[in-house]
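Okay, structure first, notes after.
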Protein chains: 4
Amino acid sequence: MEAAEIHFADRGFEGTSVRDIAETAGVNLAMINYYFGSKEKLMEAMFARRSAYMTLQLETILANREMGPMEKLETLVDQYINRLLNQPCFHRIMIREQMMNSNHMITEQILQMKRTNSNLTRALIAEGQEAGVFRQNVDMGLLMATLVGTVGHIVSTQHFYREMNDLGEMTEDEFRNHIRGKLSSHIKAIFKAILSNED
Amino acid sequence: MEAAEIHFADRGFEGTSVRDIAETAGVNLAMINYYFGSKEKLMEAMFARRSAYMTLQLETILANREMGPMEKLETLVDQYINRLLNQPCFHRIMIREQMMNSNHMITEQILQMKRTNSNLTRALIAEGQEAGVFRQNVDMGLLMATLVGTVGHIVSTQHFYREMNDLGEMTEDEFRNHIRGKLSSHIKAIFKAILSNED
Amino acid sequence: MEAAEIHFADRGFEGTSVRDIAETAGVNLAMINYYFGSKEKLMEAMFARRSAYMTLQLETILANREMGPMEKLETLVDQYINRLLNQPCFHRIMIREQMMNSNHMITEQILQMKRTNSNLTRALIAEGQEAGVFRQNVDMGLLMATLVGTVGHIVSTQHFYREMNDLGEMTEDEFRNHIRGKLSSHIKAIFKAILSNED
Amino acid sequence: MEAAEIHFADRGFEGTSVRDIAETAGVNLAMINYYFGSKEKLMEAMFARRSAYMTLQLETILANREMGPMEKLETLVDQYINRLLNQPCFHRIMIREQMMNSNHMITEQILQMKRTNSNLTRALIAEGQEAGVFRQNVDMGLLMATLVGTVGHIVSTQHFYREMNDLGEMTEDEFRNHIRGKLSSHIKAIFKAILSNED
DNA sequence: GATGAATGAGCTTTCATTCAT
DNA sequence: GATGAATGAAAGCTCATTCAT
């Protein structure tokens, strides 16, 4: 499944052959169909594994009683950024799959994941509104799109960001840490500007 | 080329067969190779056509002498949103191609487009900074990623945004207008918060 | 037709596309079908033109009353060698076509050419036999095969003959003259050994 | 590989489709690419198999200590004739490939084969020259061309030889035996005339 | 369970040819 | 007559999948 992630991220689902995956994974070609049933089901399994972890992480934060709404939101932002930076392959796949509803099963899984995340986030925001910390009339969809879209775009096109800012000589790790900080404060600043109650 | 755009947007480059494109376009299968040489060159032609238009549009704004920096920036945002909403297919393709550097020619075209846009925008921001309207220390890359990422994400996943906000009954046109306004004020608010000089 | 000869000789009939011929000849692609009707008919026309010339040449020698049988035969050998060395492209095509009876029309043309040549040569040999210069029991087929096969083989694989005899530095013309002499005396020696009456 | 030989001999490399070969061989079309990788590699494999056998046969004769030089040469001639008559398809392919250096790999294999044969034969002739049986100043290239060219031409155009000598009613086997004898004594006579030392 | 061999479907591309002008 | 555009057919090849062991 890790071999599949790498290839799917790099060349897309259709652009990747099961042979490539088998070779990278060092297993027999027929094994993949034997275990997963088909190429499609392999990807579905991939999504199932990752999404379980994501939802779990989100729920943990919300259940936390020691953090205030804004603090929780910031933690959520940081966790999202970390997830993307740690599993860039999977997220590139997910971003792509989101825009081509080719595989119904996966589209549904992504939707389900988004629904869960959306509901949990909505609860968090409601909590902040009741506490008077967040303003009313927040467009959740735009908010999430800003987080997901901005971070995803930077991660997807990091070579351009590097070129633009003369960061070509940074190692992969250095750059990841650099961009982690930049993204974190950027998104948090946006969220504060949009959410915080000025009264 | 329009037929190709629709299919590439829907199923990806590898997921689309030249047969599909030919059928949609109502032309003979061999015609496509006759005109464009190959499937790859067809996509390259697609990009060449669109990118010429985009750069032209951007330059027109910047040359304008009657608008102030912030006004120009807002116009730029609106134009970007309009372009995406008017040519969603092409932009979905571009977003995808940006993350999989499979075709070197196209990767280079996109980079060139981004460089141009980046330089022009940088000039615009410098103009605002000199006029004292924009603050110093602006991260251009994050700013553009926020615009491109957010708008792109909303457009790519509009079905989810509809579901989330109970907009399922809107026609395609109604939704486009609705989201156009929402996105415009959302992004402008973000830009103002990030750029405006508080002193 | 000359462009066709070059290509057919180089890459075979099936390996040559009408486009290649059209380009080399500097004419429109459709012209070739317009004039010749089809790719096959183009080759047929090629054969028709060349074979007319060949038969004519042969008849001229035989009609000559001043030469004796052996002298005629030697002239015939020299003419054959010259023809091959002057029109190597066409002869390479002919040798190839002789072994793959793909095009019935051409097979027939070649057969006809061979029959004519065979009959004329047979007459020449009979002339010599009557004059007591040539022995009886001559296998015409083997005799012609020796001429045609040997010369054809040398011409077809001249690069190997060059390598074998360290003639790599000769120009095309120098080599042609060199091999012309060698072949001429070689074949004549063979013919003499086989034909001459020892009594 | 046998199916391929038949078709390549009949219609040439370019004139043969992998589909035809697959059908004749009674295997799936994809199998051929599965095993050989490509149409070209199939032919290369064909050549590799045959050439190994040919060189082996030649070396066996030369190592023989009981035969004199002329006897060895005659054996060599007979073996060559037998090989051509037994594997006419392969040899027709080889003759054709020799004149169109389209596939570099195969051209090189043929050259290698010819070099080996040439060297072995040269040694044989030197042996005869030392023993005083063969005359000096023998043109090896012409000698081999006479053997290879004559035999190849007869085999390639046997239908014409049949017609010329009224042998149309012979079975394939009968004709093969007939021509075997004829060719054998014809070539041997030539070789003797050219090589034998008259002093 | 694990795997080399095999296969049908489908891919992109090229071809000889014809059509409309 | 001459030609750019167009096309049906067929080419070589790759793919995901299944079969036999």
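All chains are named by letter (A, B, ...) in the order of the sequence lines, taking the proteins before the strands, and each is independently numbered beginning at 1.
- Under a 3.5 Å cut-off, the side chain of C/Arg96 and the backbone N or O of C/Phe8 do form a donor-acceptor pair.
- In terms of the side-chain contact (heavy atoms from CB on, under 4.5 Å) criterion, residue partners of A/Asp10 (sequence neighbours excluded) are, by chain and number, A/Arg92.
- Residues satisfying the ring-ring contact (aromatic ring centres under 6.0 Å, His included) criterion with A/Phe47, sequence neighbours excluded, are A/Phe90.
- When atom types are taken as modelled, the side chain of A/Gln109 and the backbone of A/Ala48 share a donor-acceptor pair closer than 3.5 angstrom.
- For D/Phe160, the ring-ring contact (aromatic ring centres under 6.0 Å, His included) test picks out no residue, with sequence neighbours left out.
- A salt bridge between A/Glu44 and A/Lys39 is absent, with no side-chain N of the basic residue lying under 4.0 Å from a carboxylate O of the acidic one.
- To the nearest 0.5 angstrom, A/Thr16 atom OG1 is 9.5 Å from A/Glu14 atom CD.
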Write out a two-atom table: protein N or O, nucleotide N or O from nucleotides 16-18 of chain F, distance below 3.5 Å.
| from | atom 1 | to | atom 2 | distance (Å) |
| --- | --- | --- | --- | --- |
| F/dA16 | OP1 | A/Thr16 | O | 3.2 |
| F/dA16 | OP1 | A/Val18 | N | 3.4 |
| F/dA16 | OP1 | A/Lys39 | NZ | 2.9 |
| F/dA16 | OP2 | A/Val18 | N | 2.8 |
| F/dA16 | N7 | A/Arg19 | NH1 | 3.4 |
| F/dT17 | OP2 | A/Asn33 | OD1 | 3.3 |
| F/dT17 | OP2 | A/Lys39 | N | 2.8 |

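- One interatomic measurement links the two molecules: CG of A/Asp20 to C1' of F/dT14, which rounds to 11 Å at whole-angstrom precision.
- What separates CE of D/Met31 from C1' of E/dA5 is a distance of 6 Å, to the nearest Å.
- Straight-line distance from the CD1 atom of A/Ile21 to the P atom of F/dC15: 12 Å, rounded to whole Å.
- As a whole-Å value, the separation of B/Phe36 CZ from E/dT12 P is 15 Å.
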Intra- and interstrand pairs of DNA chain F - dot-bracket, Watson-Crick/G-U under 3.5 Å, | marks other strand: .||||||||||||||||||||

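- As rounded to whole Å, 20 Å separates atom P of F/dG12 from atom OH of D/Tyr35.
- Taking for each of C/Asn28 and B/Asn28 the nucleotide of DNA chain F with the nearest heavy atom, the 5'-most of the two is the partner of C/Asn28.
- Atom NE2 of D/His7 and atom CZ of D/Arg19 lie 13.5 Å apart (nearest 0.5 Å).
- Not a single ring-ring contact (aromatic ring centres under 6.0 Å, His included) links D/Phe36 to another residue, sequence neighbours left out.
- Nucleotide E/dA16 holds its P atom 16 Å from the NZ atom of C/Lys41, rounded to whole Å.
- Between the NE2 atom of B/His7 and the P atom of E/dC11 there is a distance of 11 Å, given to the nearest Å.
- Rounded to whole Å, atom P of F/dG4 lies 13 Å from atom CD of C/Glu23.
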